[in-house]
Amino acid sequence: MRWAARRSEDPLVEASTAYVRTETFFAARAYAPGLLALEQAIDASPSPSSPEEQAVRGALHMRAAVIAGRAQDADAADTHFEEARRIGDAVPEDQYQGTAFGPDSVRIHEVSVAVSLGSDHVGRALDVASEWTPPDDLPAERQSSFWIELSRAQLWAGLTDDAWESLQVARLVAPQHTRGPPWARETAATLRRLRRADAEDLTAFSEWIGAV
């Protein structure tokens with residue numbers, strides 16, 4: 001993708017490639033190098049003037065906030081998230097260069113950032129969910145991500161009923177995507193141990209998601 005992007009002579013394509021390329025850093029758990037690569041891409045992206053240019057840069061900040069959280073760099077996570085929120089409030093929610101961005105996507109990533117930073121930040125994720133849930137017109141994968149991350153936060157907070165419900169909503173919205181993240185399987189396995197009254201349903205779910 002990087003080879004092709006350079007030959008496109010389109011800086012927005014190069015920026016979008018940097019966004020997608022971050023998946024390799026997530027998969028390898030190379031969070032600090034991934035954050036550095038994204039920050040370099042932000043610096044190289046064009047100064048935003050059009051809504052599309054704003055959205056592409058905002059998406060880079062949004063993803064940088066999450067990977068900074070995974071790197072346990074709270075200051076960088078907050079800095080990138082606030083910039084993503086500022087840009088997200090200035091553009092309508094839509095697909096830009098193949099990536100959903102806008103105020104709703106930024107809210108979903110706020111939950112992800114909080115969970116990435118760990119259980120001490122669980123309140124931030126729960127606060128978002130207390131006043132907002134993803135609208136149906138968002139991409140199903142983006143909605144599912146919200147419910148999966150929220151389920152982790154709810155489990156850490158001892159809200160096992162809510163955590164179980166959130167996992168079921170994630171499956172309803174995007175079943176194939178729900179089976180992907182390892183932390184969705186971890187949450188299901190933990191709930192299965194804790195909620196013996198729902199053992200049959202949770203066992204079926206855990207088998208479906210690959211947690212047992």
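These numbers come from the heavy atoms of this one structure, side chains and all, not from hydrogens, waters or symmetry mates. All figures in this text were calculated on a predicted structure; none of them were measured in a lab.
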Item to complete: Could you tell me whether Arg57 and Asp43 make a salt bridge, using a distance below 4.0 angstrom between a side-chain N and a carboxylate O?
Response: no
Worksheet item: Do NZ/NE/NH1/NH2 and the carboxylate oxygens of Glu149 and Arg152 come within less than 4.0 Å?
Response: yes
Worksheet item: Thr22 side chain to Ala18 main-chain N or O, any donor-acceptor pair under 3.5 Å?
Response: yes
Discussion item. Can you tell me how far apart CD1 (Ile108) and CD (Gln143) are? Round to the nearest 0.5 Å.
Written reply: 7.0 Å
Residues 202-212 side chain polar contacts: donor-acceptor under 3.5 Å, at least two apart:
unit_1	atom_1	unit_2	atom_2	d
Thr203	OG1	Arg192	NE	2.9
Thr203	OG1	Ala199	O	2.6
Ser206	OG	Leu202	O	2.7

Worksheet item: Can His61 and Glu82 be counted as having a side-chain donor-acceptor contact under 3.5 angstrom?
Response: no
Response to the item:
Hits for ring pair (Phe, Tyr, Trp, His ring centres under 6.0 Å) against Phe146, two or more places apart or cross-chain, chain-then-number order -> Trp132
Worksheet entry | N/O donor-acceptor pair under 3.5 Å between Ser112 side chain and His109 backbone | no
Worksheet item: In Å and rounded to the nearest 0.5 Å, what is the CE to OH distance from Met62 to Tyr19?
Response: 4.5 Å
Worksheet item: Do the side chain of Ser116 and the main chain of Gly69 share a donor and acceptor less than 3.5 angstrom apart?
Response: no
Practice prompt. Answer yes when Arg6 and Glu14 have at least one side-chain N-carboxylate O distance shorter than 4.0 Å, and no when they do not.
Written response: no
Response to the item:
side chain to side chain donor-acceptor pair (under 3.5 Å) pairs touching residues 178-187, sequence neighbours excluded, are Ser144-Thr178
